K.L.:
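Can you keep this structure in mind? I'll have questions shortly.
When reading the values below, keep in mind they use all heavy atoms of this one structure, side chains included, and skip hydrogens, waters and symmetry mates. Note that this is a predicted model, so its numbers are computed, not measured. All ligand and atom numbering here is 1-based and tracks the order in the structure.
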Amino acid sequence: MSDGVLTMDGEVEQPLTMSFADLAAFAATEQIADVSRFHPSRKGDGVTLEALLQRARPKPSATYLTLHSTTDNFHASVPLAAIRGEAILVYRLDGNPLPVKNGGPFRFLIKDPAACHTDELDDCANVKFVDRIELTAGKGLDNRPETDDEHEKLHGGKGD
Ligand SMILES: Nc1nc2c(c(=O)[nH]1)N[C@H]1C(S)=C(S)[C@@H](COP(=O)(O)O)O[C@H]1N2
Ligand SMILES: [Mo]
């Protein structure tokens with residue numbers, strides 16, 4: 001997983017597999033430095049979701065962005081129109097691949113998420129260890145916690 005690749009597939013014209021080196025080679029205008037600006041506990045640099053979508057080219061049938069973490073079987077599916085322009089794929093910290101303890105090698109990050117389970121674009125959709133971003137026709141797999149109790153179970157009482 002630490003030598004990971006990220007896949008973008010589903011309802012797209014051009015499925016992608018992206019490595020650390022591929023993402024690092026994106027244009028400066030597609031890079032977002034230092035995501036701690038958006039949330040103090042989250043670290044690293046990323047590329048815009050938009051930059052990935054421009055390469056994969058969603059088909060008209062794509063209405064949701066479905067994020068998969070195979071590592072811990074965590075999934076979130078959010079409306080494509082709402083998430084476009086609002087998210088970053090974090091892949092680098094201090095010039096190296098994003099460590100697992102920071103949610104790496106790839107972490108999805110909504111710049112200004114709603115509090116947990118208050119909106120489709122909530123903090124819970126900030127999927128760590130994301131290895132596949134699937135464009136789907138309608139809502140896809142989503143097992144985000146829906147209640148405080150479920151959060152408690154998922155995070156072992158850490159309070160997030
Ligand atoms: N892979 C994965 N991503 C995940 C989760 C998870 O359990 N597994 N929890 C989600 C939830 S419910 C929240 S609130 C945030 C917490 O992010 P943090 O650990 O950076 O605070 O990560 C989200 N991303
Ligand atoms: Mo959450």
K.L.:
From the options E150, K128, H117, select the one whose nearest heavy atom is closest to atom 1 (N) of ligand 1.
P.N.:
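It is K128 whose heavy atom sits nearest to atom 1 (N) of ligand 1.
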K.L.:
For E11 and S61, which I'm curious about, is there any donor-acceptor pair between the side chains at under 3.5 Å?
P.N.:
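Note: E11 and S61 side chains meet the donor-acceptor criterion.
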K.L.:
V47, I32: one ILVMFWY side-chain cluster at the under-4.5 Å cut-off?
P.N.:
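No.
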K.L.:
Mark up the atoms of ligand 1 that fall under 4.0 Å of a heavy atom belonging to P145, in ascending order.
P.N.:
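Every atom of ligand 1 under 4.0 Å from some heavy atom of P145: 12 (S).
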K.L.:
Using a 4.0 Å heavy-atom threshold (strictly under), name the region of C116 that reaches ligand 1: side chain, backbone, both or neither.
P.N.:
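The answer is the side chain of C116.
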K.L.:
Output the list of atoms in ligand 1 that are nearer than 4.0 Å to some heavy atom of V127, sorted by atom number.
P.N.:
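Answer for ligand 1: 3 (N), 24 (N).
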K.L.:
Heavy atom to atom 9 (N) of ligand 1, shortest distance: which of H155, R144, K43 holds it?
P.N.:
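Residue with the shortest heavy-atom distance to the ligand atom: H155.
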K.L.:
Tell me whether K59 is salt-bridged to E13, with the criterion being a basic N under 4.0 Å from an acidic carboxylate O.
P.N.:
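Salt bridge: no.
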K.L.:
Between H68 and ligand 1, find which residue part has any heavy-atom pair under 4.0 Å and reply side chain, backbone, both or neither.
P.N.:
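The answer is neither; H68 stays 4.0 Å or more away.
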K.L.:
Considering only heavy atoms of F129, which atoms of ligand 1 have at least one such atom less than 4.0 Å away?
P.N.:
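Atoms satisfying the 4.0 Å criterion: 1 (N).
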K.L.:
Holding to side chain to side chain donor-acceptor pair (under 3.5 Å), I want the full list of residues that pass it with S41, two or more places apart in sequence or in another chain.
P.N.:
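Side chain to side chain donor-acceptor pair (under 3.5 Å) check on S41 returns H39.
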K.L.:
Could you see which bit of L154 sits under 4.0 Å from ligand 1, with heavy atoms only: side chain, backbone, both or neither?
P.N.:
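Only the side chain of L154 comes within reach of ligand 1.
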K.L.:
Side chain or backbone, does D72 bring an N or O within less than 3.5 Å of an N or O on ligand 1?
P.N.:
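Yes, there is a polar N/O contact under 3.5 Å.
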K.L.:
Where the closest heavy atom to atom 23 (C) of ligand 1 is concerned, which of N126, N102, L109, D122 has it?
P.N.:
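Comparing heavy atoms across N126, N102, L109, D122, the nearest one to atom 23 (C) of ligand 1 lies in N126.
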K.L.:
Testing T118, N126, D119 one by one against P113 for a side chain to side chain contact (heavy atoms under 4.5 Å, CB included), which residue passes?
P.N.:
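With P113 as partner, T118, N126, D119 yield a single side chain to side chain contact (heavy atoms under 4.5 Å, CB included), made by N126.
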K.L.:
Which of the numbered atoms in ligand 1 are under 4.0 angstrom from any heavy atom belonging to H151?
P.N.:
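Contacts of ligand 1 toward H151, numbered from 1: 12 (S).
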K.L.:
Under a 4.0 Å heavy-atom limit, does S41 contact ligand 1 with its side chain, its backbone, both, or neither?
P.N.:
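Neither part.
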K.L.:
What atoms of ligand 1 come closer than 4.0 angstrom to any heavy atom of S69?
P.N.:
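Answer, ordered by atom number: 1 (N).
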K.L.:
Are side-chain N/O atoms of N73 and H75 paired as donor and acceptor at under 3.5 Å?
P.N.:
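On atom types as modelled, these side chains qualify, holding a pair under 3.5 Å.
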K.L.:
Which atoms from ligand 1 have a heavy atom of R107 less than 4.0 Å away?
P.N.:
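Atoms satisfying the 4.0 Å criterion: 15 (C), 17 (O), 18 (P), 20 (O), 22 (O).
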K.L.:
Hey, mind stepping through K43 and D34 against salt bridge (charged side-chain N to carboxylate O under 4.0 Å, His left out) and telling me if it holds?
P.N.:
CA-CA 6 Å; K43 297 188 171 60; D34 188 12; over 6 Å; no
K.L.:
Which pairs would a plain distance check flag for residues 88-98, meaning a side-chain donor or acceptor within less than 3.5 Å of a matching protein atom at least two apart in sequence or in another chain?
P.N.:
from : atom 1 : to  : atom 2 : distance (Å)
Y91  : OH     : Q31 : OE1    : 2.7
R92  : NE     : D45 : OD2    : 3.3

K.L.:
Is the NZ or CZ atom of R55 both under 6.0 Å from the centre of the six-membered ring of F26 and within 45° of that ring's axis?
P.N.:
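Yes.
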